[in-house]
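Single-structure report; data block below.
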Number of protein chains: 2
Amino acid sequence: MVRKTKLDAELTRQSIIDAAREVFLARGVSRSTLEHIAAQAEVTRGAVYWHFKNKTEIFHALRDQVFLPLIDRMDDTLAVDNNDDSLTQIEHSLCDTVHELNKNIKMRQTYEIMMTKCEYIDEFATVLQQILNNCSSITDKFELAYERAKSKNLLAGSHSPHALALDTHLFFSGLLHMWVKDTDGSKFRFQATELIKAHINLRRK
Amino acid sequence: MVRKTKLDAELTRQSIIDAAREVFLARGVSRSTLEHIAAQAEVTRGAVYWHFKNKTEIFHALRDQVFLPLIDRMDDTLAVDNNDDSLTQIEHSLCDTVHELNKNIKMRQTYEIMMTKCEYIDEFATVLQQILNNCSSITDKFELAYERAKSKNLLAGSHSPHALALDTHLFFSGLLHMWVKDTDGSKFRFQATELIKAHINLRRK
DNA sequence: TATTATATACAAACATGAATGTATGTAAAC
DNA sequence: GTTTACATACATTCATGTTTGTATATAATA
């Protein structure tokens, strides 16, 4: 078989991305060769070079497919200003993210790659900056939610929504990092939801 | 010059480690070659191979020099059961770590390498496990300190020392990650101390 | 103490493998 | 007939590990 239909080609492209995810996860980005990826996708390097300029481009394609949607999703669950308890809303947003990571293997693997199997240098360094930006966007959403909680008199103590939001953001960053590193699930994954609840309960009146 | 005195040789060894830190930071561990490191240390690869088996061994030497001491230091500041306010003790322990990272360039660079410039695969994977272990050791120390705080009736609310310790640990993990990524210091570094204070104040009665 | 032997601390050269990118070939889709 | 979607072959670079050479520090010996 040689020349495929457009659909076939798109499937090939996707299978290369999927293969890259497996290979990156197993060998780390830098030690993964295009030959590894091609073999895993059951094509030759020719196909890989046809669809992608180089390994970096595959990496970015992989990232865009699952990482960005997760950010958007968090944004969404936080944005809605329904008449729910705002603290519960934050809690749900965090739990939802963890839940999504739990059930979505591709997303989980991609996250693991991005956090522990790649080096943020040169062309990857910009990714770090993007992560920081996404983070401050999410922190802003937290802050708004905490402000709503404050105005509804749901908060214990008299802490500023801004400080609370930063604290929650750092907590969740830490949780995600540990969640990813805890591959056997014995330390964090099994109790992630409880940790989130406890974190939010610290703030409840 | 060829054969040096034992002291000279030790200086050479150290300069190779220092060179590796610079090179790792600039190019990432995987893209750093022994030639790069040798050049930075102003020796040849012959010297590098004399002192180290390979790049991995240099990495571990680098890590042991600054990473382990930092863990020990945290352990120490937390272990003492003086009659200080236990919450302040935790706060000081965290601030002290941040302060150390601020003033100790080598430590800061090494931390940055370990967090964003290396891939945790194969021989490095064990490092991840060690990190997790160190973390739970520190979490235990937090928990003991929170128990002391509770018995002295310093805590707001009725949260368990265990939950508080985990929350603090995750907060601090997140903070360190962001602190490292925030290389220009505009988002986290400048207010790390305030963030820590705010985190602890959430717990104060 | 002077001489000799040996191990040390590298430098320099070499040999090898592996990854990359490119160029070319080709059969089927359009 | 032309372009597409690859496979195959080729050229080049580059990093690694090893081997060899060598001047000197240091230990052994006389």
Side-chain angles (χ1 to χ4, degrees), chain A residues 1-62 113 117-119 121-124, chain B residues 1-62 113 117-119 121-124:
Chain A
M1 33 88 226
V2 232
R3 161 87 151 116
K4 317 279 194 60
T5 171
K6 263 200 192 309
L7 177 67
D8 286 336
E10 184 50 40
L11 290 177
T12 301
R13 189 188 130 91
Q14 185 56 49
S15 75
I16 291 172
I17 295 179
D18 287 336
R21 182 162 25 75
E22 303 285 349
V23 175
F24 286 166
L25 191 67
R27 323 180 62 116
V29 174
S30 70
R31 293 188 188 180
S32 300
T33 74
L34 296 186
E35 175 61 35
H36 293 145
I37 295 172
Q40 174 79 19
E42 294 177 316
V43 292
T44 64
R45 276 171 49 240
V48 175
Y49 273 106
W50 172 256
H51 286 284
F52 303 95
K53 191 181 156 203
N54 51 34
K55 197 163 69 176
T56 306
E57 228 183 80
I58 305 180
F59 179 85
H60 277 109
L62 172 60
I113 292 165
K117 317 295 191 182
C118 92
E119 300 177 1
I121 297 289
D122 298 338
E123 64 267 34
F124 297 107
Chain B
M1 31 90 224
V2 232
R3 162 90 150 111
K4 318 276 195 60
T5 172
K6 265 194 191 305
L7 176 67
D8 286 336
E10 184 50 39
L11 289 178
T12 301
R13 187 188 132 91
Q14 185 56 48
S15 76
I16 291 171
I17 295 180
D18 287 335
R21 182 163 25 76
E22 303 285 349
V23 175
F24 285 166
L25 191 67
R27 321 179 65 115
V29 173
S30 70
R31 293 187 188 181
S32 299
T33 73
L34 296 185
E35 175 60 36
H36 293 144
I37 295 172
Q40 174 79 21
E42 295 178 314
V43 294
T44 65
R45 276 171 49 242
V48 175
Y49 274 106
W50 172 257
H51 286 283
F52 303 94
K53 189 182 158 202
N54 51 33
K55 198 163 69 175
T56 306
E57 226 184 83
I58 304 180
F59 179 85
H60 278 109
L62 172 60
I113 292 166
K117 318 284 191 194
C118 92
E119 300 177 1
I121 298 288
D122 298 338
E123 64 267 34
F124 298 107

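None of the values given here were measured: they were computed from a predicted structure. Per chain, numbering begins at 1; letters A, B, ... match sequence-line order.
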Rounded off to whole Å, could you give me the CD-to-C1' distance for the A:Gln14 and D:dA5 pair? 17 Å

For nucleotides 21-23 of chain C, print each protein N/O atom paired with a nucleotide N/O atom at under 3.5 Å, atom names and distance only.
from   : atom 1 : to      : atom 2 : distance (Å)
C:dG21 : OP2    : A:Tyr49 : OH     : 2.4
C:dG21 : N7     : A:Arg45 : NH2    : 2.5
C:dG21 : O6     : A:Arg45 : NH2    : 2.9

Nearest non-hydrogen partners of B:Ala20 and B:Ile58, listed with the distance: CB-CG2, 3.5 Å

Return the value, rounded to whole Å, for the distance between atom CD1 of B:Ile16 and atom C1' of C:dA11. 13 Å

Taken to the nearest whole Å, CD/A:Glu10 to C1'/D:dT4 is 14 Å

Ignoring backbone atoms, test whether B:Trp50 places a side-chain nitrogen or oxygen under 4.0 Å from the OP1 or OP2 oxygen of C:dC10. no

Whole Å only: how far is the CG atom of B:Leu7 from the C1' atom of D:dT24? 16 Å

Which residue pairs pass the salt bridge (charged side-chain N to carboxylate O under 4.0 Å, His left out) test with at least one member in residues 44-62 of chain B, sequence neighbours excluded? none

Rounded distance (Å) that lies between atom P of D:dA15 and atom CD1 of B:Ile58: 15 Å

Whether B:Thr12 contacts C:dC10 is assessed here as follows: a side-chain N or O lying under 4.0 Å from the phosphate OP1 or OP2. Is that the case? yes

Indicate whether OP1 or OP2 belonging to C:dA28 is found under 4.0 Å from a side-chain N or O atom of A:Thr5. no

Once you round it to whole Å, what is the distance between P of C:dT20 and NE2 of A:His36? 9 Å

Contact under 4.0 Å: A:His51 side-chain N or O vs D:dA5 OP1/OP2: no

Atom NZ of A:Lys6 to atom P of D:dC6: distance rounded to whole Å? 11 Å

Taken in chain and number order and not counting sequence neighbours, the residues that satisfy ring pair (Phe, Tyr, Trp, His ring centres under 6.0 Å) with A:Phe59 are A:Phe124

N/O donor-acceptor pairs under 3.5 Å from side chains in residues 12-19 of chain A, not counting sequence neighbours:
from    : atom 1 : to       : atom 2 : distance (Å)
A:Thr12 : OG1    : A:Asp8   : O      : 3.1
A:Gln14 : OE1    : A:Gln65  : NE2    : 2.8
A:Gln14 : NE2    : A:Asp18  : OD1    : 3.3
A:Gln14 : NE2    : A:Gln65  : OE1    : 3.3
A:Ser15 : OG     : A:Thr12  : O      : 2.8
A:Asp18 : OD1    : A:Arg21  : NH2    : 2.5
A:Asp18 : OD1    : A:Lys106 : NZ     : 3.4

Could you name each residue pair satisfying salt bridge (charged side-chain N to carboxylate O under 4.0 Å, His left out) that touches residues 23-32 of chain A, not counting sequence neighbours? A:Arg31-B:Asp122, A:Arg31-B:Glu123

Does a donor on one side chain and an acceptor on the other come within less than 3.5 Å for B:Ser30 and A:Glu119? yes

What nitrogen or oxygen pairs link the protein and nucleotides 16-18 of chain C at under 3.5 Å?
none

Write down the distance between CG (B:Asp8) and C1' (C:dC10), rounded to a whole number of angstrom. 12 Å

